[in-house]
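Order of listing sets the numbers, starting from 1, for every ligand and every atom in it.
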Amino acid sequence: MKKVGIIMGSDSDLPIIRKATDMLTQLEIPFEVHIYSAHRTPDQARDFARNARENGFGVLIAAAGMAAHLAGAIAANTTLPVIGIPCKSAALDGMDALLSTVMMPSGIPVATVAINGGANAALLAAQMIAIEDQGLAEKLNAKRAADAQAVLNKDAALQAEFH
Ligand code: RP5
């Protein structure tokens, strides 16, 4: 199975990244995690992206806050699919990172998930890998069904309490 590469701009993004690593672990998808910043360590970020395909990665996830150029900078250096996670910072509630990540120019796409959307980034990466992996596709279908059942159980509990 192809690996998922996860890059964050700073270790301060780690709580968001843990939501992604927990999901990938649950789905038994191999991954690597790195701190490479588009601004502070641009050479390492570029080299990781340029070598990612030959190093066995199938999808990359890039998380950053503030002037969040990381996902775009990674996408500029690979044709692997790149999923961007805008991380919320103190000043602008994550709107800065959301716009910096999502507003890519034509030709260099970044699939941007919600602000702090670590779990969905991992699920989207899993769905991409599952295009060619039937076993993983079945796991994702089972997870959807279990998640739906959990909501139905909550509704049943609500009905029992109020009616
Ligand atoms: C971004 O700046 C990082 O992704 C992080 O979200 C934000 C703040 O970084 P630190 O100052 O906490 O290292 O590059």
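Considering only residues two or more places apart in sequence or on other chains, Thr79 meets the side-chain contact (heavy atoms from CB on, under 4.5 Å) condition with Arg53. In this structure Phe57 satisfies the ring pair (Phe, Tyr, Trp, His ring centres under 6.0 Å) test together with Phe48, sequence neighbours excluded.
No donor-acceptor pair under 3.5 Å is formed between the side chain of Ser100 and the backbone N or O of Ala97.
Applying the under-4.5 Å side-chain rule to Ile, Leu, Val, Met, Phe, Trp and Tyr, the cluster around Leu158 extends to Phe162.
Of the listed residues (Val82, Leu70, Val110), just one forms a side chain to side chain contact (heavy atoms under 4.5 Å, CB included) with Thr101, and that residue is Val110.
Ordered by chain and residue number, the residues placing a heavy atom less than 4.0 Å from ligand 1 are Gly9, Ser10, Ser12, Asp13, Arg40, Ala64, Gly65, Met66.
A salt bridge between Lys139 and Glu28 is present, with a side-chain N of the basic residue lying under 4.0 Å from a carboxylate O of the acidic one.
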